[in-house]
Amino acid sequence: MLAPSVAHLSFVRDDGQPLDYIPGQFIQVHFHYADGTATRRSYSLATVHDHALGPGEAVEIAVSYVPGGAATALFEGLAMGDAIQASGPFGRFCLMPNDANKRYLLIATGTGVTPYRAMLPLLEKAIAQRGIEVVLLFGARTPQELLYGDEFRAFADAHPAFRFVPCFSRELPDDPHPDVRHGYVQQFLAEFSPDPATDIAYLCGNPNMVDACFESLKEAGLPVPQIRREKYVSSK
Ligand SMILES: Cc1cc2nc3c(=O)[nH]c(=O)nc-3n(C[C@H](O)[C@H](O)[C@H](O)COP(=O)(O)OP(=O)(O)OC[C@H]3O[C@@H](n4cnc5c(N)ncnc54)[C@H](O)[C@@H]3O)c2cc1C
């Protein structure tokens, strides 16, 4: 468990095939409701991507368990070694090779942060090769829910161009880092002066947060192509 209701799950393909994907993409898990109807749910790939995953390498996802959720029941019922059906990768919530921006504003709540974990090696390359800056604004209710927080903090400590700004809506950690904020991510966007001349923004996770940040960024003058969004809505 990454947090009280979030599991980090690791799978390997059992067909012996590799899985290449672009950080930011997701897979779909296929299963059946109790009445036999087929359904599926999407999960962003959390595996830190520094090479195409060869046969037998772990495909990682972070799943937030929701009360009464159908996929939640599936995942909670899995034992070590059980198999699930999945397809993918899908999606275009990715860093673009021809991006010429000076800064990425990466914004997430909850498991919406997993695409950014997968992107860390690409961000490291962009920092080294293009001299860009990155701000990661990550919303969680409590310090226990700051998924992969130690990894992002370590990455920020090693890369001064990467700022990690955890925003806690309920409870602050004891002895918080100076970059920690108290409130919702959307309250702190203005502090970073979003600028259409320099910024490309990514928004991932809770749909209300994504919509609120999208409106703020548009008001700040960012054109829509510079605001990339992934809303975690249920696909049932
Ligand atoms: C592109 C994409 C990527 C996604 N990536 C992830 C991911 O990496 N990790 C992840 O955990 N989820 C992710 N999701 C959401 C995920 O696909 C499911 O919607 C989620 O896991 C709930 O599925 P469920 O079957 O357990 O609940 P459902 O049976 O679909 O819903 C049960 C009840 O819970 C409510 N509910 C659904 N989702 C939430 C929620 N997030 N918070 C509170 N209540 C909710 C529903 O309204 C419903 O009342 C993603 C969605 C999309 C579209």
Side-chain angles (χ1 to χ4, degrees), residues 1-11 19 21-49 53 58-79 82 84-96 106-120 122 136-142 144-149 151-152 167-170 184-186 201-214 227-236:
M1 299 305 289
L2 285 176
S5 64
V6 183
H8 177 97
L9 301 172
S10 213
F11 299 91
L19 179 79
Y21 69 96
I22 305 169
Q25 289 188 303
F26 61 91
I27 55 168
Q28 288 198 318
V29 172
H30 302 238
F31 61 104
H32 293 87
Y33 292 121
D35 68 0
T37 315
T39 188
R40 57 182 73 178
R41 298 287 186 277
S42 303
Y43 296 93
S44 299
L45 287 151
T47 310
V48 176
H49 187 292
L53 293 177
V59 178
E60 298 165 77
I61 57 175
V63 180
S64 179
Y65 291 158
V66 302
T72 297
L74 169 82
F75 288 119
E76 284 186 317
L78 284 181
D82 282 355
I84 56 167
Q85 295 248 319
S87 59
F90 304 108
R92 293 184 299 166
F93 187 71
C94 304
L95 304 173
M96 301 296 172
L106 309 180
I107 300 152
T109 50
T111 49
V113 82
T114 51
Y116 308 141
R117 180 182 192 245
M119 287 174 189
L120 285 175
L122 281 181
L136 171 56
L137 274 168
F138 179 17
R141 282 177 301 190
T142 65
Q144 294 72 36
E145 292 172 81
L146 194 70
L147 314 178
Y148 309 110
E151 293 179 31
F152 290 120
C167 305
F168 295 106
S169 58
R170 291 201 188 155
Y184 293 103
V185 281
Q186 48 269 40
Y202 285 74
L203 310 173
C204 190
N206 179 290
N208 296 329
M209 177 284 288
V210 170
D211 289 342
C213 290
F214 182 65
I227 313 174
R228 298 167 186 168
R229 291 169 286 169
E230 193 82 282
K231 290 188 194 182
Y232 281 5
V233 288
S234 197
S235 44
K236 66 180 166 169

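Keep in mind that the numbers below use all heavy atoms, side chains included, and drop hydrogens, waters and symmetry copies. Start at 1 with the first residue, then count along the sequence. When a ligand or atom number is given, it counts from 1 through the structure's own listing order.
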Rounded to the nearest 0.5 Å, what separates atom OG in Ser42 from atom CD in Glu230? 8.0 Å
Is the ring centre of Tyr202 less than 6.0 Å from the ring centre of Phe93? yes
Side chain, backbone, both or neither: which part of Phe26 comes within less than 4.0 Å of ligand 1 when only heavy atoms are counted? side chain
Do any heavy atoms of Val233 fall under 4.0 Å from ligand 1? yes
Which is closest to atom 26 (O) of ligand 1 by heavy-atom distance: Ile61, Val29, Thr72, Ile27? Thr72
Quick one: look at Ala62 and ligand 1, take heavy-atom pairs under 4.0 Å, and tell me if it's side chain, backbone, both or neither. backbone
Would you say that Leu147 contacts Thr114 through its side chain, given a criterion of any heavy-atom pair below 4.5 Å between the two side chains? no
Contacting atoms of ligand 1, where contact means under 4.0 angstrom from a heavy atom of Val63: 11 (O)
Within 4.0 Å of some non-hydrogen atom of Lys231, the atoms of ligand 1 are 52 (C), 53 (C)
Cation-pi check, Arg141 onto Phe168 ring (under 6.0 Å, within 45° of axis): no
For Ser234, atoms of ligand 1 separated by under 4.0 Å from a heavy atom: 19 (O), 28 (P), 30 (O)
d(Leu78 CG, Ile84 CD1) to nearest 0.5 Å is 6.5 Å
Rounded to the nearest 0.5 Å, how far apart are SG of Cys213 and CG of Leu203? 5.5 Å
Which ligand 1 atoms are under 4.0 Å away from a heavy-atom of Ala71? 24 (P), 25 (O), 26 (O)
Examine the proximity of ligand 1 to Val66 and report which part, side chain or backbone, both or neither, has a heavy atom under 4.0 Å away. side chain
For His32 and Thr39, does a side-chain donor sit closer than 3.5 Å to a side-chain acceptor? no
